[in-house]
Each structure stands twice: as C-alpha cells, then as structure tokens.
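Heads up, the thing below is written out as structure tokens.
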Amino acid sequence: MKATALAHPNIALVKYWGKRDDALILPHQSSLSLTLSPLSVTTTVEFGAGADHVEINGHTAKGSERERVLRVLEAVRAEAGGGLGHARMVSRGDFPAAAGLASSAAGFAALAVAARAAAGLPADPKAASVLSRLGSGSACRSVQGGFCEWRRGERPDGTDSYAVQRFEAGHWPELRMVVAILNRDEKEVKSRDGMKHTVETSPYYEAWVRDAEAEVPRAVEIIQRRELEALGELAERNAWRMHATALAADPPLCYLHPGTLGLIEHLREQRKKGMPVWFTLDAGPNPVLLTDAAHEVAAEALARACGAQDVVRCVPGGDAALKSEHLF
Ligand code: DP6
C-alpha cells in the first residue's frame with residue numbers, strides 16, 4: 001500500500017503547445033523530449049490513510065495543485081477497482097531553490113509510478129505515462145528516460161496518447177543540456193493558460209501543429225545518427241515557431257525577456273566562431289543550451305557572461321524508478 005518513485009524532468013526538442021482536449025490533456029500534435037539528470041523529484045504514496053493529504057516540498061498543497069494530484073490518485077483507485085481508501089502523498093524535488101525550472105513533469109511522473117505500485121498495479125510504462133498525463137501533459141514524457149516521443153493519438157478517450165521511448169539515455173551520452181537561469185520570477189502566464197490562449201486566438205496555430213508534427217520524425221532520424229548540429233538547428237527553429245505562434249495570439253504572448261534575446265545573439269556569434277551550441281526555450285525567459293560534453297563548461301561560461309544567475313548542467317537521464325526508501 002506504500003511506494004516511492006524518483007523521476008527526472010524533461011526538456012522538449014519539439015514542443016507540445018496546445019490541447020485538443022483540456023480535461024483529458026490531449027495535445028494537438030506530437031512532441032519529443034530528452035529526460036534530464038541529475039535533477040529529480042521523489043514521491044511517496046500510501047493508500048489507506050484517514051484523509052487525502054498532499055504535501056509538496058514541505059508545504060500542504062491547496063487549490064489546483066492539490067486537485068491535479070487527487071485526480072491522478074482517483075484514476076489509480078478506479079483502475080485498481082476501488083477499496084484503496086484515501087491517500088497520503090509526499091513529494092520532494094532536489095531542484096535548486098527557485099531554479100526557474102518546472103518540476104511538475106518530474107513530479108507527476110514520479111507520482112504515477114509510485115501510486116500505481118502502492119495500489120498493487122503492475123509496472124507498465126504506457127499506463128504510467130497515460131496516468132501522469134492527467135496531471136500535466138509534459139509529465140508523460142518523464143516516465144521513461146532518454147528520448148521520448150509523446151504521440152498525439154487519435155482516440156477521444158486519450159488511451160493512445162502517451163509517450164514512448166525512442167532512444168535510451170545511453171544512446172547519446174555526450175549530449176549536454178545547460179539550463180541558463182536568467183530570471184527566477186514566476187512567469188505571468190502559465191503554460192496551461194498560454195497554450196489555451198494561443199489555440200483560441202493565434203491565426204498561426206494550424207501551421208504550428210502541422211509543422212511540429214512533421215518535425216518529430218525528422219528529429220528521431222537526427223538523434224538516431226547523433227548529429228548535434230542538425231538537432232540544434234531543429235530545436236531552435238521549433239522553439240522559435242512555438243514562440244512565434246504565441247506572439248501572434250491576441251493579445252500577444254511574449255515569454256522572452258531582453259536578456260533572453262541577448263543570450264541568443266551571443267550564442268549565434270559563438271557559433272560563427274565554431275562553438276557547437278544551440279538553444280531551446282520553453283514558456284519562460286530561461287534558455288536551455290544544447291551542446292556536447294567537450295563544450296559544456298564553455299556553454300556555462302557563455303550563459304554566465306550573458307547574465308545567468310544560475311546554471312544547471314544536465315546529462316541524458318534514465319527511467320522513473322521505484323525506490324526502497326520512503327519519504328515518510
Ligand atoms: C512549453 O506540460 O506544463 O514546456 O499539460 O497544461 O500541464 P499542462 O502543460 P505543461 O506544458 C509544457 C509546455 C512546454 C513545452 C513542452 O514541454 O513540450
């Protein structure tokens with residue numbers, strides 16, 4: 001009745017931006033990401049408690065944060081056929097304080113794996129991916145390590161919309177992702193609201209969907225061949241296109257800060273001088289630099305020279321996994 005799991009966050013190289021079903025969290029297009037180590041979230045779930053209790057990073061969760069967790073737990077109870085009672089859930093991330101990185105993807109992936117095990121359900125990456133998706137879309141790509149593709153799926157009930165691992169972490173061990181924290185403030189428009197606003201008001205939205213869907217198989221081929229330059233170029237243009245679609249919303253949605261553009265410009269100059277470094281950018285001002293092991297120190301220096309307050313160097317991460325030590 002009690003289980004603990006650890007999961008890593010992921011960064012999308014082809015982004016997910018927009019839902020065709022807000023309740024089930026079904027995307028308009030497929031996406032592709034890399035799971036990142038060493039950052040992680042550990043979550044313990046125990047069924048049979050007197051009342052539902054949700055604790056995240058030392059605080060009792062309230063409002064929508066709590067609701068999203070309870071929703072995942074409810075789905076586990078339903079799959080297990082009931083009789084599990086209330087749950088106590090405690091989650092802790094080892095993300096540097098206010099790293100500016102969302103821990104929700106890792107959090108919901110760890111929750112799904114731990115809750116299924118605590119309910120006595122068999123280990124099943126596909127089922128855990130579908131389950132974690134109910135908490136946050138990008139979480140379904142953190143159940144497995146390495147490069148994961150979240151397939152759009154066709155069914156209205158979402159049973160065919162989950163992430164599959166395309167390559168494990170060991171496929172490309174020299175790849176590096178360097179997170180440049182330029183600004184730690186909470187963003188004004190959360191991804192969930194920003195993507196909804198984009199779907200509803202951006203005239204470029206359909207083009208975004210078509211383009212992103214077509215980029216996924218290209219990205220897979222590039223990763224297969226381990227071509228850093230081609231992957232960097234693809235990741236950059238996909239990030240630009242996501243942000244361009246959001247910029248075209250009404251009113252416009254701009255996640256870039258002046259410092260973000262400064263860093264991107266500097267990156268281009270360094271590239272002209274021969275440094276293999278590219279960026280991707282989620283719905284916030286902090287770019288993630290894509291490079292290789294031989295250039296990660298230089299990439300960190302570049303980010304700091306452009307005003308990064310913190311830099312987190314990441315390597316390809318592994319699967320979400322059960323742990324024998326519990327948080328309570
Ligand atoms: C820009 O997965 O956080 O990071 O499904 O509403 O919880 P919800 O959104 P979330 O959105 C992630 C958006 C993104 C791109 C990506 O990770 O693919």
Side-chain angles (χ1 to χ4, degrees), residues 7-36 39 41 56 63-65 67-69 71-72 93 95 99-109 111-112 129-143 147-153 158 161-163 177 179 186-200 202 205 208-209 211-213 215-216 219 234-236 238-247 249 253-256 260 279-288 290 314:
H8 299 292
N10 70 80
I11 295 281
L13 298 162
V14 178
K15 312 281 183 198
Y16 140 59
W17 194 246
K19 299 176 180 69
R20 66 177 198 277
D21 185 317
D22 290 330
L24 287 173
I25 311 198
L26 299 177
H28 272 293
Q29 29 80 219
S30 306
S31 54
L32 184 90
S33 63
L34 175 62
T35 302
L36 301 182
L39 302 173
V41 173
I56 300 172
S64 66
E65 202 180 24
E67 291 311 314
R68 285 163 75 177
V69 171
R71 184 168 185 222
V72 171
F95 287 43
L101 272 179
S103 59
S104 58
F108 281 107
L111 170 65
S129 184
V130 169
L131 184 64
S132 61
R133 197 201 70 221
L134 297 174
S136 181
S138 53
C140 77
R141 300 183 312 233
S142 269
V143 168
F147 297 87
C148 291
E149 176 184 338
W150 175 13
R151 297 200 171 134
R152 177 193 181 278
S161 186
Y162 52 87
M177 294 278 232
V179 188
E186 197 165 319
K187 56 194 175 206
E188 261 169 59
V189 184
K190 290 190 162 53
S191 297
R192 187 160 292 194
D193 303 325
M195 64 174 82
K196 189 172 168 58
H197 178 63
T198 307
V199 173
E200 286 169 357
S202 177
Y205 191 70
W208 156 259
V209 170
D211 180 73
E213 193 67 48
E215 291 284 47
V216 171
L234 187 150
E236 284 202 358
N238 178 262
W240 276 126
R241 287 171 189 174
M242 183 195 103
H243 286 275
T245 312
L247 277 165
L253 200 52
C254 182
Y255 287 104
L256 284 85
T260 315
F279 78 93
T280 183
L281 187 69
D282 278 348
N286 302 320
V288 178
L290 198 68
C314 300

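Please read these numbers as outputs of a predicted model, since none were measured by experiment. Order of listing sets the numbers, starting from 1, for every ligand and every atom in it.
- Regarding atom 13 (C) of ligand 1, its nearest protein heavy-atom neighbour is Tyr16 O, 3.6 Å.
- Between the CG atom of Leu256 and the CH2 atom of Trp240 there is a distance of 5.5 Å, given to the nearest 0.5 Å.
- Summary of contacts: the protein heavy atom closest to atom 1 (C) of ligand 1 is Ala283 N, 3.7 Å.
- Close approach of ligand 1 to Ile25 (heavy-atom distance below 4.0 Å) involves ligand atoms 5 (O).
- Within a 6.0 Å radius of CD in Glu67, other residues, nucleotides and ligands contribute more than 12 heavy atoms.
- When the options Lys190, Arg141, Met195 are ranked by their closest heavy atom to atom 17 (O) of ligand 1, first place goes to Arg141.
- Considering both main-chain and side-chain atoms, Ser136 comes within under 3.5 Å of ligand 1 through a nitrogen or oxygen pair.
- Heavy-atom proximity to Arg68, at under 4.0 Å, picks out these atoms of ligand 1: 7 (O).
- Other residues, nucleotides and ligands contribute at most 12 non-hydrogen atoms within 6.0 Å of the NZ atom of Lys190.
- Contact check for Leu13 versus Asn238: no side-chain heavy atoms found under the 4.5 Å cut-off.
- For atom 2 (O) of ligand 1, the nearest protein heavy atom (residue, atom name, distance) is Ser138 OG, 2.7 Å.
- For a threshold of 3.5 Å applied to N or O pairs, the pair formed by Gly137 and ligand 1 contains at least one separation below that value.
- Listed by atom number, the atoms of ligand 1 under 4.0 Å from Lys19 heavy atoms are 5 (O), 6 (O), 8 (P).
- Nearest heavy-atom pair across Ser138 and Tyr16 is N-CE2, 3.9 Å.
- Proximity to Arg192 (heavy-atom distance under 4.0 Å) selects the following atoms of ligand 1: 6 (O), 7 (O), 8 (P).
- Considering backbone and side-chain N/O of Asn10, none are found under 3.5 Å from N/O of ligand 1.
- Partners of Glu200 according to the salt bridge (charged side-chain N to carboxylate O under 4.0 Å, His left out) rule, which considers only residues two or more places apart in sequence or in another chain, are Lys196.
- Residues Trp17 and Thr198 have side chains that bring a donor and an acceptor to within less than 3.5 angstrom of each other.
- For the pair Trp208 and Met242, the tightest heavy-atom approach, listed with the atom from each and the gap, is CZ3-N, 3.4 Å.
- For ligand 1, the polar-atom distance check finds no N/O of Lys15 at less than 3.5 Å from any of the ligand's N/O atoms.
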